[in-house]
Amino acid sequence: MNPAEAYILDQAEPFKSILLELQVLVETTVPDIDLKYKYRLPFYYLNGKPFCYFNASRKKGYVDVGFWSSAHLTVHQDKMVTEGRKVMKSLRYFSLQEIEAEIFIEVIQEAAAVNHKGFWK
């Protein structure tokens with residue numbers, strides 16, 4: 001098992017269930033994606049470039065899905081969290097029930113389409 005998978009499986013609930021659901025959604029939506037362990041987080045790479053990461057914040061009680069190419073994303077901006085970050089945007093989940101698969105998949109699909117554009121606009 002790679003360290004990224006261990007990170008997910010070692011989380012307490014509800015973080016573990018949230019992360020597993022998000023992992024399934026990412027990997028079924030973007031089949032050519034690679035899960036690595038970077039910056040002490042599960043970090044997906046697409047075509048050798050950073051794509052998105054999962055961060056379980058036990059202290060704050062949520063899971064963040066940060067998008068590397070978020071400067072280029074246009075869909076569901078009302079659902080994205082920036083919270084003191086200049087460029088990086090994320091989707092944030094406090095419970096498994098909050099995950100709206102259709103919205104998450106639309107964001108993932110757009111992120112995959114613009115990933116080649118990089119971090120900055």
Side-chain angles (χ1 to χ4, degrees):
M1 177 178 349
N2 76 34
E5 291 168 340
Y7 174 99
I8 292 168
L9 294 175
D10 290 344
Q11 297 298 317
E13 291 296 346
F15 307 109
K16 181 178 177 179
S17 294
I18 295 169
L19 289 164
L20 286 169
E21 178 70 14
L22 295 171
Q23 181 181 18
V24 167
L25 290 171
V26 169
E27 292 178 9
T28 56
T29 304
V30 188
D32 296 330
I33 203 152
D34 293 316
L35 179 60
K36 299 183 181 203
Y37 190 69
K38 300 283 185 173
Y39 316 106
R40 298 183 186 179
L41 298 172
F43 215 118
Y44 281 102
Y45 279 70
L46 180 61
N47 300 321
K49 295 181 181 192
F51 180 70
C52 72
Y53 65 84
F54 295 164
N55 181 25
S57 178
R58 290 179 297 279
K59 190 162 96 174
K60 296 182 180 179
Y62 59 75
V63 172
D64 243 3
V65 181
F67 295 94
W68 190 258
S69 59
S70 60
H72 305 283
L73 296 178
T74 60
V75 298
H76 302 294
Q77 290 296 303
D78 59 318
K79 307 278 186 199
M80 301 292 241
V81 177
T82 56
E83 200 170 272
R85 299 176 280 194
K86 292 182 180 180
V87 179
M88 188 66 74
K89 295 177 187 171
S90 62
L91 291 172
R92 185 168 288 171
Y93 302 103
F94 289 88
S95 71
L96 188 58
Q97 294 75 27
E98 285 185 358
I99 299 172
E100 296 178 65
E102 186 176 314
I103 289 172
F104 187 78
I105 289 169
E106 288 174 7
V107 172
I108 290 291
Q109 288 172 331
E110 184 181 32
V114 300
N115 199 59
H116 67 283
K117 293 183 177 182
F119 188 75
W120 302 102
K121 202 167 199 179

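The basis for the numbers below is simple: all heavy atoms, side chains too, and nothing from hydrogens, waters or symmetry mates.
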Between the side chain of D64 and the main-chain N/O of G66, is any donor-acceptor distance below 3.5 Å?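 No.
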Quick one: pull up [atom1] in [X] and [atom2] in [Y] and give me the separation to the nearest 0.5 Å.
{"X": "L9", "Y": "L20", "atom1": "CG", "atom2": "CG", "value": "6.0 Å"}
{"X": "L73", "Y": "K89", "atom1": "CG", "atom2": "NZ", "value": "7.0 Å"}
{"X": "F104", "Y": "T29", "atom1": "CZ", "atom2": "OG1", "value": "7.5 Å"}
{"X": "Y62", "Y": "F94", "atom1": "OH", "atom2": "CZ", "value": "7.0 Å"}
{"X": "W68", "Y": "N115", "atom1": "CH2", "atom2": "CG", "value": "10.0 Å"}
{"X": "I18", "Y": "I8", "atom1": "CD1", "atom2": "CD1", "value": "12.0 Å"}

side-chain contact (heavy atoms from CB on, under 4.5 Å) for F51 and I108? Distances and angles first, verdict last. CA-CA 9 Å; F51 180 70; I108 290 291; 4.1 Å; yes
Does some side-chain heavy atom of [Y] sit less than 4.5 Å from a side-chain heavy atom of [X]?
{"X": "R92", "Y": "V63", "answer": "no"}
{"X": "M80", "Y": "D78", "answer": "no"}
{"X": "H72", "Y": "E110", "answer": "no"}
{"X": "L35", "Y": "E27", "answer": "yes"}
{"X": "K79", "Y": "V107", "answer": "no"}

Is the number of heavy atoms from other residues, nucleotides or ligands within 6.0 Å of CD (E102) greater than 12?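 It does not: E102 CD has 12 such atoms or fewer within range.
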Is it true that atom CG of D34 has more than 12 heavy atoms of other residues, nucleotides or ligands lying nearer than 6.0 Å?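 Check passes, neighbour count above 12.
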Does one hydrophobic cluster hold both [X] and [Y], with members joined at side-chain heavy-atom distances below 4.5 Å?
{"X": "V24", "Y": "V30", "value": "no"}
{"X": "V81", "Y": "F67", "value": "no"}
{"X": "V26", "Y": "V114", "value": "yes"}

For a quick test of reading the model, state the closest non-hydrogen atom pair linking [X] to [Y] and the distance between them.
{"X": "Q11", "Y": "K16", "answer": "O-CB, 3.4 Å"}
{"X": "A111", "Y": "S69", "answer": "O-OG, 3.7 Å"}
{"X": "L25", "Y": "A101", "answer": "CD2-CB, 4.2 Å"}

Geometric cation-pi criterion K36 and Y45, 6.0 Å radius, 45° cone: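 The answer is yes, since K36 meets both limits relative to Y45.
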Under the ring pair (Phe, Tyr, Trp, His ring centres under 6.0 Å) test, residues paired with Y37 that sit two or more places apart: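 If we apply the ring pair (Phe, Tyr, Trp, His ring centres under 6.0 Å) test to Y37, skipping adjacent residues, there are no hits.
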Output all residues satisfying ring pair (Phe, Tyr, Trp, His ring centres under 6.0 Å) with F15, sequence neighbours left out; order by chain, then residue number.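 Checked F15 against ring pair (Phe, Tyr, Trp, His ring centres under 6.0 Å); zero matches.
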Check the angle between the aromatic planes of Y53 and F43 and answer parallel, tilted or perpendicular using the 30° and 60° thresholds.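 Ring orientation, 0 to 90° scale: tilted.
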Please enumerate all residues that pass salt bridge (charged side-chain N to carboxylate O under 4.0 Å, His left out) together with K60, with sequence neighbours excluded.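 Salt bridge (charged side-chain N to carboxylate O under 4.0 Å, His left out) list for K60, sorted by chain: empty.
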Which residue is it: Y39, Y7, Y44? I am looking for the one with a ring-ring contact (aromatic ring centres under 6.0 Å, His included) to F54.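 The single option meeting the ring-ring contact (aromatic ring centres under 6.0 Å, His included) with F54 is Y44.
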